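This is a predicted model, so every value here is computed, not measured. These values consider heavy atoms only, across backbone and side chains, with no hydrogens, waters or symmetry-generated copies. In each ligand, atom 1 is the first atom listed, and ligand 1 is the first ligand listed.
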Amino acid sequence: MAWKTLDDLDLAGKCVLTRVDINVPVENGRVTDTTRIDRIRPTIADILAGGGTPVLLAHFGRPKGQVVPEMSLGLIKDAVAARLDANIIFGEDCIGAPAKTAVGSAQPGEVVLLENTRFHAEETQNDAKFAASLAALGEVYVNDAFSAAHRAHASTEAIARLLPSAAGRLMQAELEALEAALGNPIRPVVAVVGGAKVSTKLDLLANLIRKVDTLVIGGGMANTFLAAKGLEIGTSLAEREMTDKASEIIKTAGEVACDIVLPNDIVVAREFAEGADSEVLLAEECPVDAMILDAGPKTVEVVKSSFDAAKTVIWNGPLGAFEISPFDAATNAAARHAAELSAKGHLTSVAGGGDTVAALNKAGVADDFTYVSTAGGAFLEWMEGKTLPGVAALETT
Ligand code: 3PG
Ligand code: MG
């Protein structure tokens, strides 16, 4: 896998079409988490330093080919300007006259932001003509949107084939981290997979057991595996119709010598509420009227020792119901241990996907992980071993 980077492009005096993912959460008109904007700063800075004008292409929400005012990037342009510390010229459309005027009026040092690409149905159709209209606005293309790279859209895929193209700094960092975690990792490798549902992560589990040495299964998913082993799981969240699939995964893991770690002790409660009365039991002891909400302390010790023995940890999903205490204890303790080992240089730790970043932030350890991905769905698809169209379009070999 090889791709060009910003260092391979001549940027001086060029309009640099730059696909970014600034699909940030907004509440009451305010951006509540600027991480995705912050993470494109190195790319924007390098384009400006190289004498180019960054012309940002981005989606915002899922407007399904319609102009939806609540999904206008104009709503977040001030937040983008503030976080990038640059003057933003906003184009009211991403193609045609409004886009050309915005691009044409940018002064050196300014950044152009064009309206939501998904206001055009052709974007998600990966339409060649639409991609050509985007490409006509610049001379080179940079993709810095790893978190949208699982979409074969005009601004992530078709356009890369029309212009000299390269990965931006964030795309580059994401790809390097993922390569270090699963592509060509230093062994032993431990994967932690949590979250609610086995059904959404079947492909991921099937791929991981062939690639990692130890697979830790946590969260609601673990309950389905415990049920598959014939254990009582009371009123726990689980997908009982998936127990056959879970058994298959356990069987295949045995054949390919991947150790599966499931909770051997559990934290149970009668209600799912902050500070609910809870007790620690052995995995075999779940009462019929109780639900499993976290892994117990013995399990945490097993997970921690697997990290001690590992050189690489890849993490997706919490080990318990981390949103409310005390059911965040296993996630917090295990994440803290991975962070400490990483900070000491003993471990390469890479985390991403959905709730994972929220869980690590809540545990206060995200900064000490070797790498925390900005991606949700793209991270999962990559963990499933799928080719990401936005990455494939950048590949040079
Ligand atoms: C995300 O928020 O996960 C990315 O921006 C991709 O968005 P999408 O799932 O709407 O394609
Ligand atoms: Mg998504």
Side-chain angles (χ1 to χ4, degrees), residues 17-27 30-41 43 56-68 70-73 75-77 79-80 83 94 113-127 130-131 134 142-160 167-168 170-171 173-175 177-178 195-197 200-201 203-204 315-317 350-361 366 371-384 386-394:
L17 291 165
T18 309
R19 180 55 159 99
V20 293
D21 186 351
I22 47 175
N23 195 23
V24 288
V26 174
E27 269 166 44
R30 287 204 47 227
V31 176
T32 53
D33 180 353
T34 61
T35 306
R36 280 181 167 171
I37 305 172
D38 298 339
R39 298 280 285 272
I40 62 168
R41 287 177 63 127
T43 297
L56 307 186
L57 302 174
H59 72 281
F60 190 39
R62 293 177 179 169
K64 302 202 166 87
Q66 306 290 318
V67 175
V68 179
E70 297 75 40
M71 296 181 195
S72 169
L73 281 166
L75 298 173
I76 65 162
K77 74 176 186 332
V80 175
R83 301 308 299 183
C94 64
L113 171 63
L114 300 179
E115 183 58 286
N116 197 340
T117 51
R118 290 187 186 170
F119 282 0
H120 296 266
E122 294 87 346
E123 160 72 338
T124 54
Q125 293 158 357
N126 203 17
D127 180 81
F130 178 71
L134 293 172
V142 169
N143 191 343
D144 213 24
F146 174 76
S147 47
H150 56 322
R151 309 297 181 205
H153 292 175
S155 69
T156 62
E157 209 277 343
I159 190 175
L170 174 58
M171 174 70 89
E174 297 269 7
L175 293 174
L178 299 184
K197 291 185 175 172
T200 57
K201 294 196 179 170
D203 290 349
L204 187 153
W315 192 312
N316 171 259
V350 176
D355 278 349
T356 314
V357 179
L360 297 184
N361 281 331
Y371 193 78
V372 177
S373 176
T374 54
F379 190 88
L380 292 180
E381 289 200 20
W382 172 83
M383 274 181 101
E384 289 166 4
K386 292 192 177 139
T387 300
L388 307 183
V391 174
L394 291 178

- Message: Can you name the atoms of ligand 1, numbered from 1 with element, that are less than 4.0 Å from a heavy atom of S147?
- Response: 4 (C), 6 (C)
- Would you call H153 a ligand 1 contact, heavy-atom distance under 4.0 Å? no
- Task: Measure the shortest side-chain to side-chain distance between H150 and E384 over non-hydrogen atoms and say whether it is less than 4.5 angstrom.
- Result: no
- Task: Show which atoms of ligand 1 fall inside a sub-4.0 Å distance from at least one heavy-atom site of R62.
- Result: 8 (P), 9 (O), 10 (O)
- Nearest-0.5 Å distance that lies between atom OG1 in T43 and atom CG in L170: 6.5 Å
- Output the distance between atom CZ (F379) and atom CH2 (W315), rounded to the nearest 0.5 Å. 12.0 Å
- Close-contact set for ligand 1 against D21 heavy atoms, below 4.0 Å: 4 (C), 5 (O)
- Query: Heavy atoms only: which of R36, R151, H59 is nearest to atom 1 (C) of ligand 1?
  - Reply: R36
- Task: Can you sort out the partners of F130 under ring pair (Phe, Tyr, Trp, His ring centres under 6.0 Å), two or more places apart, ordered by chain and number?
- Result: H120
- Atom pair CD1 (I22) and CZ (R36), whose distance is rounded to the nearest 0.5 Å: 10.5 Å
- May I ask you to list the atoms of ligand 1 that are less than 4.0 angstrom from any heavy atom of R118? 8 (P), 10 (O), 11 (O)
- Query: Can you tell if the side chain of E115 reaches within under 4.5 Å of the side chain of M71, non-hydrogen atoms only?
  - Reply: no
- Message: Under 4.0 Å, heavy-atom basis, I'd like to know which part of A148 is in contact with ligand 1: side chain, backbone, both or neither.
- Response: neither
- Task: Within a distance under 4.0 Å of any heavy atom of N23, pick out the atoms of ligand 1 and give their elements.
- Result: 1 (C), 2 (O), 4 (C), 5 (O), 7 (O)
